[in-house]
There are 2 protein chains.
Amino acid sequence: MTEGQAELVRRQPTLDTVAAEAGVSRATASRVINGSPRVSPEVKRAVQDAIARVGYVPNRAARTLVRRRTDSVALVIREPNATVLADPYLANIIVATSDELIGTGVQLVLVNARNDDEHERVADYVRGGHVDGVLLASMHGDDPLPGMLLAAGVPTVVGGRPPRRIPGLCYVDVDNLGGAQLATEHLLGAGRKRIATIAGPADMTAAADRLDGFGRALTEAGLTADRVVHGEFTHESGELAMTTLLDRHPDLDGVFAANDLMAAGALRVLRASGRRVPDDVAVVGFDDIDLARHTEPALTTVHQPVIHQARLMTELLLTQISGEPGGDPVVLPTQLVRRDSA
Amino acid sequence: MTEGQAELVRRQPTLDTVAAEAGVSRATASRVINGSPRVSPEVKRAVQDAIARVGYVPNRAARTLVRRRTDSVALVIREPNATVLADPYLANIIVATSDELIGTGVQLVLVNARNDDEHERVADYVRGGHVDGVLLASMHGDDPLPGMLLAAGVPTVVGGRPPRRIPGLCYVDVDNLGGAQLATEHLLGAGRKRIATIAGPADMTAAADRLDGFGRALTEAGLTADRVVHGEFTHESGELAMTTLLDRHPDLDGVFAANDLMAAGALRVLRASGRRVPDDVAVVGFDDIDLARHTEPALTTVHQPVIHQARLMTELLLTQISGEPGGDPVVLPTQLVRRDSA
DNA sequence: TGACCGCGTGAGAGCGCTTCCATATAGTAC
DNA sequence: GTACTATATGGAAGCGCTCTCACGCGGTCA
């Protein structure tokens, strides 16, 4: 190969190159590439050979321009907290989404919109026509973004239930309420009476639903759900919350933490305080991330089907993109995973 | 808003719309958008007002087509193992890269090329002109991809040292050898004499370098490095490796695990075998992921500057894209973080 | 034999943008 | 007043592709 000396960047072959090489028109070459049936077998062969010979790769920008289709979707993550960002829950969402897209020819554009006020930037980006659809994850509060995208007619699927009902908006949630209720009932079933919870950030529906589930289980058991402290879904905030809880209610015998990271923090504080888990205090988490198997003792927790959720979101988005209507919200079941902490 | 009934999709305003609205030519409107100095202040104002009025957003595909610049880069992850994929190390790389890109106007396309033979697909994708440059992470073996990209003249930065020296290829590595040596010396310094290692996958240079560092430290202390078992950088493989190690060398008093996940697995097996850490067996890990602070006991480990690495890779890539030459390989320092396990 | 049909193919318009080149206008120097 | 220059603006080409439309050809039917 003599290309080592190439100082002028050799231009990629275009469709014209292929057409000339195959002795056909550009239109015909295009037909072959796009699998049109109205091409004679000989010509098809000739074009395919030419493509291989010149090493042709279609230019996406040109194709996008005329087709008004980018064959890529955005995964927009609205998580301001860097610790949570690096948490396996989101990593799983990212990986599962990307996995689901393999083989579809659709690319994943990762948009990290951490700041609250970035919805304008994201909306502009999407309206700029760079993606065919949007997956929204880790939403906080009443984010205007889903509404904006819906209004702009952009196919959108949200991970988790938005706080406000938005007609026509498709989302995939997991049964946070039911899962939390399960967890709390498990604690009750083990004879615990003085149960507290470390709730998640109040501006996230997943956290609110888990708190509701906790409250419902206690109420149904005739108890009052008044031992509540909020954390930030991080390990550190779990430690802090547990410390506060112990301070206020030294006699507690059960804790439901709204996620595993906080549960791990709680475990640590509990141990440091001289309490044995589960003998003195039983602990249940939520998420069932990898870490849950590695804590001491291994964490009893609520499994949420993250990968399934991500796959489903992607699937629903692709359906929407292909022109079918929005699709109804979906809520996936959760289940209790019993380990050693409760 | 009466747009609810819109059955014909309202087309986004184009540059022509803006030009007409502002009473100028398309060329002038374009100049304003691209910040050309040769525009009179009044016209500039008029165009900017028009843009705001019609809600214009430039079409990226059209711009890309003529500029031959996509303003996006690919982060290609070559990790076949799903567990490792979801591991915080890679999550950090993804997040840090994406963070570094904020404000540059460059988008991140995540390409998950798990299978060994996908380099062709990725290379074609890149040659299709969909990205301006490529970041490569989690490489295994002697992957042909970097060479292919380099040959195609595509700006590329690799995370970690490739096994074979490729002239002109830019990479950012961390000092795996030095870190491993530090870890092992720490074990030696604590009086340990029968030290084993749980090495990483033999096809990754990071793993090989860590094993080398381990060997070097022992050799310099006049000991032989013959207690070696390989794992897969996962928690489970760490447990397995530790079991094997204990079986072969029941008298060992120190373990260097090539990553924290495996160290956590080792800790668990050690505890199950009735050994106390660090009293009976001291353990040092590598990576300093979040988990290292949550193990029992908290893990002494080697900190590698993942976020710094990702940021630097991104920076170097953007430099390359802007036309400057490749840039030399960089090796970032690692340091020992002392906690309770050694 | 002529009218008709279906199929494979090519010509060419046009997607929305940037940018070269030409032109108009105003300003300066002689 | 003329000649020249600097500056703002518009016309228009063209990036690489898809797709409509028109055309030519061979076959079928009356």
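Atoms considered below: every heavy atom in the structure, side chains included; atoms not considered: hydrogens, waters and symmetry mates. Below, chains carry the letters A, B, ... as their sequence lines are ordered, and counting in each starts from 1.
For the segment residues 56-64 of chain A, the set of residues with a heavy atom within less than 4.0 Å of an atom of DNA chain D comprises A/Y56, A/P58, A/N59, A/A62, A/R63, in numerical order. Contacts between residues 20-37 of chain B and DNA chain D, defined by a heavy-atom separation below 4.0 Å, involve B/V24, B/S25, B/R26, B/A27, B/T28, B/R31, listed by number.
Salt bridge status for A/E21 with A/R53: present, with a side-chain N to carboxylate O gap under 4.0 Å. The existence of a salt bridge linking A/D71 and A/R60 is excluded, since no basic side-chain nitrogen approaches an acidic carboxylate oxygen closer than 4.0 Å.
Although no hydrogens or angles enter the test, the distance criterion places no donor-acceptor pair under 3.5 Å between the side chain of A/D132 and the main chain of A/I321. A/T97 contributes a side-chain N or O that, together with a main-chain N or O of A/I93, makes up a donor-acceptor pair within less than 3.5 Å. Without hydrogens or angle criteria, A/N115 side chain to A/E118 main chain gives no donor-acceptor distance under 3.5 Å. Checking side-chain atoms of A/D143 against main-chain N and O of A/M139 turns up no donor-acceptor pair under 3.5 Å. Between the side chain of A/T205 and the backbone N or O of A/R161, at least one donor-acceptor pair lies under 3.5 Å. Judged by distance alone, with hydrogens and angles left aside, the side-chain atoms of B/R114 form a donor-acceptor pair with the main-chain N or O of B/P80 at under 3.5 Å.
The span of DNA chain D lying next to chain A, judged by atoms under 4.0 Å from heavy atoms, is bounded 5' to 3' by D/dG16 to D/dT20.
Atom CG of A/D116 is surrounded by 12 or fewer heavy atoms from other residues, nucleotides or ligands within 6.0 Å. Under a cut-off of 6.0 angstrom, the local environment of CZ in A/R121 is crowded, with over 12 non-hydrogen atoms contributed by other residues, nucleotides or ligands.
Atom-to-atom, CD1 of B/I51 to C1' of C/dC17 comes out at 13 Å; the value is rounded to the nearest Å. Distance CG (B/D71) to P (C/dC17): 15 Å, rounded to an integer number of Å. One interatomic measurement links the two molecules: CG of B/D16 to P of C/dC15, which rounds to 9 Å at whole-angstrom precision. Computed from coordinates, the A/R38 CZ to C/dG10 P distance equals 15 Å when rounded to whole Å. We find that CG of B/L15 is positioned 6 Å from P of C/dT18, with the value rounded to whole Å.
End-to-end axis angle of the helix from C/dT1-D/dA30 to C/dC30-D/dG1, from C1' rotation axes over five pairs per end: 50° (rounded to 10 degrees).
Evaluation of the ring pair (Phe, Tyr, Trp, His ring centres under 6.0 Å) rule for B/Y125 yields B/H130 as partners, not counting sequence neighbours.
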Hey, mind stepping through A/T319 and A/S322 against side-chain hydrogen bond (donor to acceptor under 3.5 Å, both in side chains) and telling me if it holds? CA-CA 5 Å; A/T319 311; A/S322 71; 5.6 Å; no
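Residue pairs meeting the side chain to side chain donor-acceptor pair (under 3.5 Å) criterion with at least one partner in residues 145-155 of chain B, sequence neighbours excluded, do not occur; the list is empty.
Using a 4.0 Å heavy-atom criterion, one finds that B/R67 contacts the sugar-phosphate atoms exclusively.
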